[in-house]
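Note that this is a predicted model, so its numbers are computed, not measured. Proteins come first, then strands; the chains are lettered A, B, ... in the order of their sequence lines, and each starts at number 1.
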Number of protein chains: 2
Amino acid sequence: MEIAHTDDGPSDLESVAAGDHVAVVLEELATLAVRQVSTPRDISLTAVSTLAHLDRNGPTRLTALAVEQAVSQPSMTQLVQRLEREGLVCRRTDRRDARATRIALTEAGRKLLGDRRSRRRERLAMLLDEMSPEERRALVHAAETFLPLLHRLLAGSPAP
Amino acid sequence: MEIAHTDDGPSDLESVAAGDHVAVVLEELATLAVRQVSTPRDISLTAVSTLAHLDRNGPTRLTALAVEQAVSQPSMTQLVQRLEREGLVCRRTDRRDARATRIALTEAGRKLLGDRRSRRRERLAMLLDEMSPEERRALVHAAETFLPLLHRLLAGSPAP
DNA sequence: AGGCATTACATAAGCTTCCTATGCAAAATC
DNA sequence: GATTTTGCATAGGAAGCTTATGTAATGCCT
């Protein structure tokens with residue numbers, strides 16, 4: 001293969017070496033995350049993520065939600081129908097555009113998010129409580145260092 | 001709520017504070033990982049993970065694979081049938097136990113894993129190549145610090 | 001204003017991957 | 001040797017996603 005973009009030969013070698021390290025970590029990380037997240041207790045990942053978006057950004061159009069969650073528009077239609085049936089969101093027809101509907105979080109939806117957050121918070125606190133204060137500080141620091149770098153890394157990554 | 005386990009009051013408070021930080025990072029991490037991973041390019045996550053297990057551990061019983069991947073036995077039966085149809089694994093009946101079948105990786109399966117790895121390796125190297133050497137080193141260091149701590153954190157976590 | 005393309009969403013049909021319930025043969029146990 | 005257990009297969013079904021298509025409202029253009 002010929003990756004001949006610029007003249008940074010040595011940098012490229014370093015990148016490969018670093019990649020071997022990072023790849024292992026990323027793989028494990030992905031496995032952990034998927035194991036933790038992709039086992040829906042009662043509601044799907046996309047559903048929670050959508051509710052969270054509505055909580056942060058207020059009423060949003062269906063198509064915008066689909067783009068945000070990187071799913072097709074029909075998928076989001078289905079999801080919203082489910083969430084509406086469960087009383088977690090409600091639709092408001094846009095006054096200015098009779099085609100569009102603005103999806104909004106209901107009180108029940110907000111409560112569900114809150115409950116999930118506090119449960120996770122408790123659980124995490126219990127786990128952290130079993131670590132020593134040094135470990136805890138180290139974890140917080142490592143997490144805060146790692147995340148922006150990971151974002152930086154994936155910044156140039158094309159959409160999957 | 002009353003979490004009155006021992007007398008480590010101040011530690012508990014610290015845990016909650018740390019948890020708030022870590023939770024944000026973990027959430028983002030999970031989102032990134034899921035976005036990257038759970039979009040199967042050509043083969044499902046469980047499939048790849050199963051192949052990887054076979055590559056590391058050699059021929060394995062179907063039930064053991066199911067436990068390993070945390071799916072039901074029928075699901076694993078289906079998955080193995082698919083993988084077999086695609087020529088990625090083969091079944092060998094156990095000589096000592098006529099009920100059992102040992103699932104083994106074929107050459108094609110090993111090749112698929114290798115191809116995936118080298119592709120990922122290239123991609124990661126390209127991404128890392130756009131970072132400065134300092135950023136690269138920082139990322140490697142952060143990753144290596146973060147992972148063991150995360151493992152330590154999840155050690156006491158019950159199975160989801 | 002009328003005609004046409006575009007936009008926002010809904011519906012239909014199908015795929016993948018998982019599940020539970022059940023069946024059956026080989027092995028283990030008594 | 002009869003019964004239970006184990007290892008796997010099959011049947012039937014649900015969740016969540018997809019593409020293809022339909023429909024109504026809007027914007028644009030002459």
Side-chain angles (χ1 to χ4, degrees), chain A residues 31 34-54 59-86 88-104 112 159-160, chain B residues 30-31 34-54 59-86 88-104 159-160:
Chain A
T31 302
V34 169
R35 287 272 154 83
Q36 291 281 321
V37 169
S38 81
T39 303
R41 316 192 153 285
D42 48 343
I43 191 173
S44 84
L45 173 63
T46 311
V48 175
S49 181
T50 301
L51 293 179
H53 175 92
L54 291 177
T60 311
R61 289 201 176 171
L62 196 143
T63 305
L65 285 180
V67 172
E68 248 281 320
Q69 301 296 323
V71 298
S72 68
Q73 170 262 310
S75 292
M76 187 50 73
T77 294
Q78 273 189 325
L79 174 56
V80 167
Q81 284 173 345
R82 262 180 286 149
L83 293 176
E84 195 182 11
R85 209 177 306 129
E86 295 167 24
L88 300 176
V89 304
C90 63
R91 329 167 75 110
R92 306 173 184 170
T93 50
D94 195 328
R95 231 176 271 91
R96 285 174 272 190
D97 189 339
R99 300 168 299 179
T101 66
R102 299 174 71 76
I103 318 298
L112 183 141
Chain B
T31 302
V34 170
R35 288 273 155 83
Q36 291 280 323
V37 170
S38 80
T39 302
R41 317 192 151 286
D42 50 344
I43 191 172
S44 84
L45 172 62
T46 310
V48 176
S49 181
T50 301
L51 293 179
H53 175 90
L54 292 177
T60 311
R61 288 201 176 170
L62 196 143
T63 306
L65 284 179
V67 171
E68 247 282 318
Q69 300 297 324
V71 300
S72 68
Q73 169 263 311
S75 292
M76 188 50 71
T77 294
Q78 269 191 327
L79 175 56
V80 167
Q81 285 173 344
R82 259 179 287 149
L83 293 176
E84 195 182 11
R85 208 177 306 131
E86 296 168 23
L88 301 176
V89 304
C90 63
R91 328 167 78 109
R92 305 174 183 167
T93 50
D94 195 327
R95 234 176 269 92
R96 286 174 272 189
D97 190 337
R99 300 169 298 181
T101 66
R102 298 174 70 77
I103 318 298

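Between A/I103 and A/L83 there is no side-chain heavy-atom pair separated by less than 4.5 Å. Annotation: side chain of A/R92 is not in contact with side chain of A/T101 (no heavy-atom distance under 4.5 Å). Within the 4.5 Å cutoff, side-chain heavy atoms of B/Q81 are placed close to those of B/R91. In this structure, B/L88 and B/R82 have side chains that are not in contact, with every pair of non-hydrogen atoms separated by 4.5 Å or more. Looking only at side-chain heavy atoms (C-beta outward), B/T60 and B/T50 stay at 4.5 Å or farther from each other.
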Please tabulate, for the side chains in residues 70-78 of chain A, all donor-acceptor contacts under 3.5 angstrom to protein atoms that are two or more places apart in sequence or on a different chain.
from: A/S72; atom 1: OG; to: A/S75; atom 2: N; distance (Å): 3.3
from: A/S72; atom 1: OG; to: A/S75; atom 2: OG; distance (Å): 3.0
from: A/Q73; atom 1: NE2; to: A/T77; atom 2: OG1; distance (Å): 3.0
from: A/T77; atom 1: OG1; to: A/Q73; atom 2: O; distance (Å): 3.2

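Residues A/R99 and A/D94 are not paired through a salt bridge, judged by the lack of any N-O separation under 4.0 Å between the basic side chain and the carboxylate.
Closest to the side chain of B/S72, out of C/dA27, C/dC19, D/dC17, is C/dC19.
Across the helix from C/dA1-D/dT30 to C/dC30-D/dG1, the helix axis at one end is tilted relative to the axis at the other end by 10° (nearest 10 degrees, each axis from five pairs).
For A/Q69 and A/S49, the side-chain atoms include at least one donor-acceptor pair closer than 3.5 Å.
Computed from coordinates, the B/D94 CG to C/dA27 P distance equals 9 Å when rounded to whole Å. Protein atom CD of B/E84 is 9 Å distant from nucleotide atom P of D/dA9, rounded to whole Å. Note: CG (A/L79) to P (D/dA15) measures 13 Å, nearest angstrom. Atoms CZ (B/R96) and P (D/dG7) sit 14 Å apart, rounded to a whole Å. Rounded to whole Å, the distance from CZ on A/R85 to C1' on D/dA14 is 13 Å. The nearest whole Å value for the distance from the CE atom in B/M76 to the C1' atom in C/dT20 is 17 Å. Between A/R95 atom CZ and D/dA25 atom C1' there is a gap of 17 Å when expressed in whole angstrom units.
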Original post:
What string of B, S and - do you get for nucleotides 3-12 of chain C, 5' to 3', if B is base contact, S is sugar-phosphate-only contact and - is no contact with any protein heavy atom under 4.0 Å?
Top reply: ----BSBBB-
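Heavy-atom minimum distance, A/A104 versus A/L54: C-CD1, 4.4 Å.
For C/dC18, the OP1/OP2 oxygens have a side-chain nitrogen or oxygen of B/T46 closer than 4.0 Å.
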